[in-house]
Number of protein chains: 2
Amino acid sequence: MSVSLRDVAQRAGVSVKTVSNVVNDFPHVTPAMRERVRRAIDELGYRPNLTARHLRKGRTGLIALAVPELGNAYFAELAAAVIDAAARHEYTVLLDHTQGRREQEVQVCQGFSARVMDGLILSPLELEPEDLAARTDSAPLVLLGERRYDLPYDHIAIDNVAAARVAVRHLLGLGRRRIAFLGARLNRTHQPAHLRLLGWQTELAAWGVPAEEALVATTHGWDHEDGSVAMAHLLDSGQVPDAVFAYNDLIAIGAMRVLFERGLRVPEDIAVVGFDDITESRYGAVTLTTVAPDKQAIARLAVESVVGRLKSAQNAESPRPTRELQPGFTLVERESTLGRRAR
Amino acid sequence: MSVSLRDVAQRAGVSVKTVSNVVNDFPHVTPAMRERVRRAIDELGYRPNLTARHLRKGRTGLIALAVPELGNAYFAELAAAVIDAAARHEYTVLLDHTQGRREQEVQVCQGFSARVMDGLILSPLELEPEDLAARTDSAPLVLLGERRYDLPYDHIAIDNVAAARVAVRHLLGLGRRRIAFLGARLNRTHQPAHLRLLGWQTELAAWGVPAEEALVATTHGWDHEDGSVAMAHLLDSGQVPDAVFAYNDLIAIGAMRVLFERGLRVPEDIAVVGFDDITESRYGAVTLTTVAPDKQAIARLAVESVVGRLKSAQNAESPRPTRELQPGFTLVERESTLGRRAR
DNA sequence: ACCATCTTGTATATCGTTGTAAACAAGGGC
DNA sequence: GCCCTTGTTTACAACGATATACAAGATGGT
């Protein structure tokens, strides 16, 4: 059925270890012997069994990446970047989506598929600090995204407050003064880390513009549909803003759809800014101005963090202290704020 | 460092196997003993090592899913469905993207991360029949998508010809006669399995409408950008169609973007139909009419095929013959063909 | 020639788990 | 009291790979 080192060794008339040495390119094997073993390997079509290798070596070469929802283009694009970054370090990525459910997130950081993974990259939504503090699994864990936990784990996120401020500043600079925020959490007290909303407030305050509570729309999730519902709700309530800053691109695009349906012009009547710079935002009837986090950098830093810790653990070095890493971002200005001149 | 069965056994004063029996809920363990072992497990925080378990059992509980590009919403949404379907059978999914590169696809069907995966689900683009015929890995493999190989592997795809015909019929029924096809392969001779193009031809023929070669636009890939380029090219060439049938939604949306830029109205001047029904197609300024494959069914069938074959292999049954499975599809009619009345 | 040194290959234990078979204890029928 | 049955627990050998320690062979200096 499956060919093992034993079979190859028998065929080549050498010991198992010698074959292992050839496979792993170890020194102290004469060229002649190496060749003989090589031939036996080819003839039998031997392929090493990683399960066994990893049991022995104590590592599996697998990193888990858990994001809330793969259907969200931001996470899909990020996942693609992580897979590529991991491949450069010879790690394979096991991808899961938590659907933003706390229990699933807990399961992930508790080792998920129990001890098969060398490391974990998690983008949490509902995970609470106490879940994280109760973590017993010893594999390196990196956290991505807006939430901060102040626990000894590497955390990678752009400066969300600064990014939101840049977006709002852009709108203020265009003369807009009634800027709605779309996509706040339902229970905002419970979730203090709502940095994009904070950035919105801060920048408005800096310009002396009142931050009207009525212009903050909450959503259940962060999909197109949530954006549409929130936007419709806002308009129906009689609060007509002259600009919208959305939590992400999906919400922004969902909101724009409602504006189109109601005959409101973007950006003439209402300017729109999103967050994430997913591909979709470049191809609508009105292209979307958005904050573009450096996804490549996020992926690279996340993988390097995990791989680095694995390496230092392997060499029995003391691990370096945990860090807050802030990749860059840019504001991409498009038609939803600049109109036709953006082309 | 990590707690093993041995440690638990020592602590509870029993043999390793007894602990194993408790962990696996085997019968013939007295309640008192079970309780004693349970306590030891809790005290030490024991978690089974899946690597070792799987080495022993000969299976890993992992299925690989390889799609061309995760950034393509269709594949991201499909991947999400596969992950969920696999979870229902207690399998975990390892996701990879091949970027449509032949060598990567070959690597995947050759076991990819070598023998760690129990089964494989592959959505090939460039993979050639000879690659597949040369496959030595014995893990069950299922193929998804348009290409057919006529080799003994389960293949899951909707009836692409029929689906394309339904889409084209819809346009013909609306009175359109110059229907362009966007997204043909560059070398169409080399890739005979271009079923959607075939469906376009067939349906036109059935209506006695000439299938003009000039209305077939080739693309390099299948992204928004490819759709934009192809559409611009078509218009610049002086061939102005009254409808467009695109290989997928991304191309359709990219094409619509160009139509917007040039002041052409959708659907009044040019009607557009896509393929895949990704979420994005429901939220543009003009929502997209599209063929909606039953992604849930595709995912379910793929997982069931792999799991079924693993089960029969485990019970040493002879595997059932390979099958062609055709999940259903529907045509979702929206504004890009019906205009405002679609709402 | 002889011993020390270096190179190359082998035998064996080990990683953590489960399957097999055998040991052991308790209970029941004769 | 003995044997058999039933039920519970254990010892030991795998799964396929790598690391350690050691043996055998080659080389070189005296």
Side-chain angles (χ1 to χ4, degrees), chain A residues 1-38 40-41 44-61 111 113-118 137-139 314-316, chain B residues 1-38 40-41 44-61 111 113-118 138 314-316:
Chain A
M1 163 109 171
S2 91
V3 187
S4 79
L5 277 187
R6 248 172 101 115
D7 304 319
V8 177
Q10 205 152 35
R11 173 96 173 203
V14 297
S15 82
V16 177
K17 185 70 218 288
T18 300
V19 181
S20 170
N21 286 338
V22 171
V23 172
N24 293 45
D25 264 332
F26 280 179
H28 305 315
V29 181
T30 50
M33 173 116 306
R34 197 176 289 272
E35 182 47 41
R36 200 164 99 215
V37 172
R38 279 261 152 73
I41 287 177
L44 295 177
Y46 168 78
R47 318 250 326 274
N49 178 326
L50 290 201
T51 305
R53 173 177 290 174
H54 292 148
L55 169 60
R56 187 61 240 249
K57 290 228 210 180
R59 36 182 300 283
T60 63
S113 197
R115 295 237 224 119
V116 213
M117 251 67 66
D118 287 344
D137 199 86
S138 63
Q314 193 184 353
N315 303 342
Chain B
M1 166 101 176
S2 90
V3 187
S4 79
L5 279 186
R6 246 172 102 116
D7 304 318
V8 177
Q10 205 152 35
R11 173 97 175 200
V14 297
S15 81
V16 176
K17 187 69 218 290
T18 300
V19 181
S20 171
N21 287 337
V22 171
V23 171
N24 293 48
D25 264 330
F26 282 179
H28 305 315
V29 181
T30 49
M33 172 113 305
R34 195 177 290 271
E35 183 46 40
R36 200 162 101 214
V37 172
R38 278 263 152 73
I41 288 177
L44 295 176
Y46 167 79
R47 319 250 325 273
N49 178 327
L50 290 200
T51 305
R53 173 176 292 177
H54 292 149
L55 170 59
R56 185 64 236 251
K57 291 228 207 179
R59 36 183 298 284
T60 63
S113 195
R115 295 237 224 119
V116 216
M117 252 66 66
D118 288 343
S138 64
Q314 192 184 352
N315 303 341

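Note on naming: letters A, B, ... go to the chains in the order of the sequence lines (proteins, then strands), and numbering restarts at 1 for each one.
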message = Measure CZ/B:R59 against P/D:dC15 and give the value in whole Å, please.
response = 18 Å
task = Looking only at non-hydrogen atoms, find the nearest pair between A:A139 and A:M117 and report the distance.
result = CB-O, 4.0 Å
task = Select from B:H28 and B:A52 the residue whose nearest nucleotide in DNA chain D is closer to the 5' end of that strand.
result = B:H28
query = Can you tell me how far P of D:dC15 sits from CG of B:L50, to the nearest Å?
reply = 21 Å
request  = Heavy atoms only: give me the nearest B:A40-B:A12 pair and the separation to one decimal.
outcome  = CB-CB, 3.9 Å
ask   = Does a nitrogen or oxygen in the side chain of A:S15 sit under 4.0 Å from OP1 or OP2 of C:dG9?
value = no
query = If you fit an axis to the five pairs at each end of the helix from C:dA1-D:dT30 to C:dC30-D:dG1, how big is the angle between those two axes, to 10 degrees?
reply = 60°
ask   = What is the distance, rounded to the nearest whole Å, between atom CG of B:D7 and atom C1' of C:dG16?
value = 10 Å
ask   = Within this structure, what is the CE-to-P distance between B:M33 and D:dG7, rounded to whole angstrom?
value = 18 Å
query = Is the shortest side-chain N/O distance from A:S20 to OP1 or OP2 of D:dT18 below 4.0 Å?
reply = yes
message = Please determine whether a side-chain nitrogen of the Lys or Arg among B:R38 and B:D25 lies less than 4.0 Å from a carboxylate oxygen of the Asp or Glu.
response = yes
query = When we call it a touch if two heavy atoms are under 4.0 Å apart, what does A:V29 touch: a base, just sugar-phosphate, or nothing?
reply = sugar-phosphate
task = Ignoring the backbone of A:V14, work out which of D:dT18, C:dT18, C:dT10 is nearest its side chain.
result = C:dT10
remark   = Whole-Å distance, B:L5 CG to D:dA13 C1', equals 16 Å
task = Using atom CG of A:N21 as one end and atom C1' of C:dG9 as the other, report the distance to the nearest whole Å.
result = 9 Å
Which pairs, protein N/O on one side and nucleotides 19-21 of chain C N/O on the other, fall under 3.5 Å?
{"unit_1": "C:dG19", "atom_1": "N7", "unit_2": "B:K17", "atom_2": "NZ", "d": "3.2"}

task = Starting at CG of B:D118, measure out to NE2 of B:H54 and round the result to the nearest 0.5 Å.
result = 7.5 Å
task = May I have the distance from B:N49 (atom CG) to C:dT14 (atom P), rounded to whole angstrom?
result = 18 Å
ask   = Counting only side-chain N and O atoms of A:T30, is one of them less than 4.0 Å from OP1 or OP2 of C:dG9?
value = yes
key: Euclidean distance, A:L5 CG relative to A:T18 OG1, rounded to 0.5 Å   = 10.5 Å
task = Spell out protein contact along nucleotides 22-27 of chain C as letters: B when the base is contacted, S when just the sugar-phosphate is, - when no protein heavy atom is under 4.0 Å; keep the 5' to 3' order.
result = ------
ask   = So how far is it from A:L50 CG to A:K57 NZ, rounded to the nearest 0.5 Å?
value = 10.0 Å
note = In terms of heavy-atom contacts, A:T51 and B:L55 come closest through CG2-N, 3.6 Å
ask   = Has B:T18 got a side-chain N or O lying under 4.0 Å from the OP1 or OP2 atom of D:dT10?
value = yes
request  = Quick one: closest heavy-atom pair of A:V8 and A:Y46, and the distance?
outcome  = CG2-CB, 3.6 Å
query = How many angstroms lie between CZ in A:R6 and OG in A:S4, if you round to the nearest 0.5 Å?
reply = 6.5 Å
note = note: A:L55, atom CG; C:dT17, atom C1'; distance rounded to Å ~ 8 Å
request  = Respond yes when some side-chain nitrogen or oxygen of B:R53 is under 4.0 Å from OP1 or OP2 of C:dT18, and no when none is.
outcome  = yes
4.5 Å side-chain heavy-atom contact, A:V23 and A:R53 = yes
request  = Mark yes or no for whether A:N24, through its side chain, and A:F26, through its backbone, hold a donor-acceptor pair below 3.5 Å.
outcome  = no
note = Rounding to 0.5 Å, atoms CZ (A:R11) and CZ (A:R36) come to a distance of 12.5 Å
